[in-house]
Amino acid sequence: MANVLAVTNQKGGVGKTTTTINLAASLALADQNVLIVDMDPQANLTSGIGRKGSFQPAGTVYEALTAENVTDVRDFVVATEVEGLSLLPADRNLTGAEVELVSLDDRERRLRPLLQQAKIEFDYVFIDTPPSLGFLTLNALVAADGVLIPLTCDYFALEGLAELMTTLRRVQASFNPELEISGVLLTMADNRTNLGQQVAKEVRDFFGEKVFDTSIPRNIRLAEAPSHGLPVILHDVRSKGAEAYLSLAKEFISRRQNCRKEET
Ligand code: ATP
Ligand code: MG
């Protein structure tokens, strides 16, 4: 079962970072021990959780990925304001990693050993990925047990999905046969419009059971929360956005319990 999840879609602005922060924080509130990993040189995850410029003496995810010798993940993890939620932070240096990784040994497998260690300490690990299918995203997919794909409910939602599916198959074939699609999440959903409903139906036809019943509505509190460096549950717990991510966390946990029952 997937405990390390890459939140991925090479399309920009679909809610990868928002989902990583808010699903992880909602799970932490439900007493889970959660690590979020910032694999995006934009470092939106790091600033969105209020940790811009924070890192341990060993450095950020950049140093962790490019170190000559295998490192201990605990040297890089920082705490957040949310109890039970930790962060492996990034900064702008990560931009260079995309190029530097090319010449390193095991360039696709730099993140995996670190997160294998993290699995011992954390119930869940979520990796926020950049809007591209380069080496940083590839490292996330090789390190992950599953992918969580956020999709916006607009006309272009399914655009580029074929490319993402091809990448996932390639990663499964070459590096990580266990990689599964753990879930598809409709974000910025507007059920009041015909287009919103139509796109949601198309996504459900294509991905079936993989699509979460919970969808995330467009909500201004979700967009504001990162400017306060907080997940939405600490910014405005009564907002529609907070409600949606809390119910996503609930569905996430109950789906996994059902999976476990099926496995035994
Ligand atoms: P990128 O590809 O650049 O990393 P992303 O996929 O991580 O983007 P986000 O940064 O999470 O996407 O979201 C894009 C923008 O939309 C942000 O300004 C965010 O605050 C806002 N946003 C995300 N989800 C919602 C929502 N449900 N309602 C309103 N605004 C949202
Ligand atoms: Mg992002």
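Counting convention: from 1, in listed order, for ligands and their atoms alike. Small disclaimer: the values here were computed from a predicted structure and weren't measured.
Within 6.0 Å of NZ in Lys240 there are 12 or fewer heavy atoms belonging to other residues, nucleotides or ligands. Heavy-atom contacts from other residues, nucleotides or ligands closer than 6.0 Å to CG of Asp31 number 12 or fewer. The environment of Asn258 atom CG is dense: over 12 non-hydrogen atoms of other residues, nucleotides or ligands sit within 6.0 angstrom.
Heavy atoms of Pro217 found under 4.0 angstrom from ligand 1 belong exclusively to the backbone.
Between Thr18 and ligand 1, at least one pair of N/O atoms sits closer than 3.5 Å. Checked by distance only, ligand 1 and Thr19 stay at 3.5 Å or farther apart across all their nitrogen or oxygen atoms. For the pair Ile216 and ligand 1, the shortest N or O to N or O distance does not fall below 3.5 Å. Taking distance alone, with nitrogen or oxygen atoms compared against 3.5 Å, Gly13 approaches ligand 1 more closely than that limit. For the pair Gly15 and ligand 1, the shortest N or O to N or O distance falls below 3.5 Å. Geometrically, ligand 1 and Lys16 share a nitrogen or oxygen pair separated by less than 3.5 Å. Between Gln42 and ligand 1, an N or O atom pair is found at a separation short of 3.5 Å.
Within ligand 1, counting atoms from 1 as listed, the ones closer than 4.0 Å to a heavy atom of Gly12 are 2 (O). The ligand atoms of ligand 1 that sit less than 4.0 angstrom from a heavy atom of Val14 are 5 (P), 6 (O), 12 (O).
Put simply, the side chain of Gln257 reaches to within 4.5 Å of the side chain of Ile253, judged on heavy atoms.
Lys119 NZ to Leu114 CG: the interatomic distance, rounded to the nearest 0.5 Å, is 13.5 Å.
In the model, Arg109 has no side-chain atom that pairs as donor or acceptor with a side-chain atom of Asn176 under 3.5 Å. Under the 3.5 Å distance criterion, with hydrogens and angles disregarded, a donor-acceptor pair is assigned to the side chains of Thr17 and Asp128. For the residue pair Tyr245 and Thr19, a side-chain donor N or O sits within less than 3.5 Å of a side-chain acceptor on the partner.
Val237 and Ala242 get closest at one heavy-atom pair: O-CB, 3.3 Å.
Using a 4.0 angstrom heavy-atom cutoff, Gly241 does not count as in contact with ligand 1. Residue contact annotation: Asp40 has a non-hydrogen atom under 4.0 Å from ligand 1.
Looking from atom 24 (N) of ligand 1 to the surrounding protein, the closest heavy atom is Met188 CE, 3.6 Å. Protein heavy atom in closest approach to atom 30 (N) of ligand 1: Ala223 CB, 3.8 Å.
Under the side-chain hydrogen bond (donor to acceptor under 3.5 Å, both in side chains) criterion, Thr20 pairs with no residue at all, not counting sequence neighbours. For Thr137, the side-chain contact (heavy atoms from CB on, under 4.5 Å) criterion is met by Thr8, Thr129, Pro130, Ser132, Leu133, Leu141, not counting sequence neighbours.
Every pair passing side chain to side chain donor-acceptor pair (under 3.5 Å) that includes a residue from residues 78-107 is listed here, sequence neighbours excluded: Tyr62-Glu100.
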Assess whether side chain to side chain contact (heavy atoms under 4.5 Å, CB included) is satisfied between Ser182 and Leu5, documenting all intermediate values.
CA-CA 8 Å; Ser182 300; Leu5 290 120; 3.4 Å; yes

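Per-atom contact check: atom 17 (C) of ligand 1 does not touch the protein, criterion being a heavy-atom distance below 4.0 Å. Checking atom 13 (O) of ligand 1 against the protein gives a heavy-atom contact under 4.0 Å.
For the Mg ion (ligand 2), the count of nearby protein N/O/S atoms, taking only those under 2.8 Å, is 1.
Aromatic ring pairs are classed by plane angle as parallel below 30°, tilted from 30° to 60° and perpendicular above 60°; the pair His235 and His228 is parallel.
The option from Thr152, Thr17, Val7, Asn219 that lies nearest to atom 7 (O) of ligand 1, judged by heavy atoms, is Thr17.
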